[in-house]
Amino acid sequence: MNREHETPAQNVKCNPDEPVKAENIQKAVRIHTPLTDEICTALRAGDAVLLSGTVFTARDVAHRRISEALQRGEGPPVPLEGETIFYAGPTPAPPARTIGSVGPTTSGRMDIYTPALLDAGLKGMIGKGKRSAAVREAIRRNRAVYFAAIGGVAALLSRCVTAAEVIAYEDLGTEAIRRLSIADFPLIVINDPEGRDLYEEVMKNVCDRQS
Amino acid sequence: MRLAMGAVRDVDVVIIADKVRELFIEASKSLGEDVVCALEKARTGEYSELGRFALDKIIENIEIAKDEALPLCQDTGIAVLFVRLGQDVHLTGGNLEDAVQKGVREAYREGYLRKSVCDPLSRTNTGDNTPAVIHIEIVEGDRVQLIAMPKGGGSENMSSVKMLTPSEGLEGIKRHVIETVRQAGPNPCPPIIVGVGIGGTMEISALLAKKALARQLDLPNQADPRLSQLEKELKKEINNLGIGPQGYGGAVTALAVHAEMMPCHIASLPVAINIQCHVARHRETVI
């Protein structure tokens, strides 16, 4: 198992009456791609994770094209089995840099395409924002995981990218599919294979507090 | 006929193009002091551990972007430009529209900014981030004020315009703002700034909401005490939602609420909500 810590970080609660422990975040779980069933099922919504390994960027138009390829019975331009997609379109790399600024876009726009990708073997997704009920069910069914990266910190996140290469749909510019090598990329688990959802739990905690 | 010579000032549009280029490059890589202060204050008051984690990274990112001259966010936006053109200015050397588009084109190329503008139907990228969205207002004087506002898509997508009925009144406006922010949840990258445009016509309410976002963060509405009161109440209610930084839960969902207003038709009550993420970029200059 590619985990450096024996015990997963405990779920981080957001109720002020039960303050979370700072060590949950400081002791973020280090995991590596490819994400296996074993890794995914050990993760819980609210866990802080540092992800290393390989991820593929794909956003709106790339998803449309992958989906059209799958519908035609063709293979996707990148293998999906066990892979992780990062919903991102970086800024152009200035001279002598690996990549420009890179960070998550809103994942919900990909929801319409995502269940088919998960059923085809996709294990991890990195983005920001809520997922549909159909995606959450597909995450549970396929023992996958959806992570949020912090939106709007793309200069910081670019430091976690050690290599970047366009591997498909080059004509799409920023929306092309890139293979990124990442190291200790900071993430929060939003949807885990048990069907839990951090965003929903946060709002439920608020309701409980106010009722 | 007497010509008031001297009352007219020539401004070469080449200068405007240069300034537009500079403003968009600067705006994409550094935030105003007002936004930085609001984020630091938010960090101090945040009870949620995950919320503090997000705010720490957000504040750290501001330093890294400055040090490494990188864009703060990969979404360097659609280029929105407000031009307040003095009526005593005589533009020379070409037309204003072309000059602005040239400045934007150069900014996004030379600044290594992302080109995020496409054909709405084919989704083909225009390749140079043009056309910019330009709002021109003719004002008194012989100066040209430029306000560059690169606007990200994620927060723009969570915005809304609604034609309320007059009977819904202030309570209806508040309900609609709260509901829009609640529905948006984590998607627009909170902590957010909420621009509220009230009145005018459908399109003017939206423009008021966008203009409200350009206002300095620590300044309440100066024109109408009802609006400064509304801003205060809405901010409190939004932060009571508990969405928190990045939707991870917490005390700070909105850094500020800014409202602007204009009279409207006796039949209407337009209200627009324009949401801005925490990377609240704007830069201005006066020529």
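As the structure is a computational prediction, the values presented were derived from the model and not from experiment. Convention: sequence-line order gives letters A, B, ...; per-chain numbering from 1.
- Counted within 6.0 Å of NZ on K174(B), heavy atoms from surrounding residues, nucleotides or ligands total more than 12; the atom is thus considered enclosed.
- Only the backbone of L113(B) comes within less than 4.5 Å of a heavy atom of chain A; no side-chain atom from C-beta onward does.
- You'll find the side chain of L157(A) stays beyond 4.5 Å of the side chain of Q74(B), heavy atoms only.
- Interface remark: I62(B) contributes no atoms to any contact with chain A (heavy atom separation under 4.5 Å).
- Here R159(A) pairs with E68(B) in a salt bridge; the nearest charged N to carboxylate O distance falls below 4.0 Å.
- Shown here for P186(B) and Y199(A), the closest heavy-atom pair between the two residues is CB-CE2, 3.4 Å.
- Put simply, the side chain of Y248(B) does not reach to within 4.5 Å of the side chain of V202(A), judged on heavy atoms.
- Pairing each heavy atom of C189(B) with each of G151(A), the nearest pair is SG-CA, 3.5 Å.
- More than 12 heavy atoms of other residues, nucleotides or ligands sit less than 6.0 Å from atom CG of L219(B).
- For chain B, the nearby part of V61(A) is the side chain; its heavy atoms alone come within less than 4.5 Å.
- Under a cut-off of 6.0 angstrom, the local environment of NZ in K210(B) is crowded, with over 12 non-hydrogen atoms contributed by other residues, nucleotides or ligands.
- Chain B forms more heavy-atom pairs under 4.5 Å with one residue of S101(A), A148(A), P104(A) than with any other, namely S101(A).
- Within the 3.5 Å criterion, the main-chain N or O of G89(A) finds a donor-acceptor partner in the side chain of R114(B).
- At least one side-chain heavy atom of I188(A) sits less than 4.5 Å from a side-chain heavy atom of L50(B).
- Residue-environment remark: CD (E170(A)) stays at or below the threshold of 12 foreign heavy atoms within 6.0 Å.
- By the neighbour-count criterion of 12 heavy atoms within 6.0 Å, atom CD of E33(B) is sparsely surrounded, having that number or fewer from other residues, nucleotides or ligands.
- Contacts between P94(A) and chain B at a heavy-atom distance below 4.5 Å involve backbone atoms as well as side-chain atoms.
- Of the atoms belonging to N157(B), it is side-chain heavy atoms, and not backbone ones, that fall under 4.5 Å from chain A.
- For chain B, the nearby part of I190(A) is the side chain; its heavy atoms alone come within less than 4.5 Å.
- Just one of K128(A), K130(A), R109(A) meets the side chain to side chain contact (heavy atoms under 4.5 Å, CB included) condition when paired with N187(B); it is K130(A).
- Contacts with chain B were tallied for G129(A), G152(A), S107(A); G152(A) has the most, counting heavy-atom pairs under 4.5 Å.
- Side chains of R64(A) and R123(B) form a contact here, defined as non-hydrogen atoms less than 4.5 Å apart.
- A184(B) touches chain A through its backbone: at least one of N, CA, C or O sits under 4.5 Å from a heavy atom, while the side chain does not.
- For a residue to count as touching a neighbouring chain, one of its non-hydrogen atoms must lie under 4.5 Å from one of that chain's; by this rule S155(B) does not touch chain A.
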Run the side chain to side chain contact (heavy atoms under 4.5 Å, CB included) check on T105(A) and D75(B) step by step: do they pass?
-> CA-CA 8 Å; T105(A) 192; D75(B) 185 353; over 6 Å; no

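- Heavy-atom neighbours of R43(B) CZ from other residues, nucleotides or ligands within 6.0 Å: above the threshold of 12.
- Minimum heavy-atom separation, P71(B) to T91(A): CG-CG2, 3.9 Å.
- Contacts of K115(B) with chain A are made by both backbone and side-chain atoms, with heavy-atom separations under 4.5 Å.
- Contact record, S158(A) with L70(B): OG-CD1, 3.6 Å, taken as the closest heavy-atom pair.
- In this structure, CD1 on I150(A) lies 8.0 Å from NE2 on H278(B), to the nearest 0.5 angstrom.
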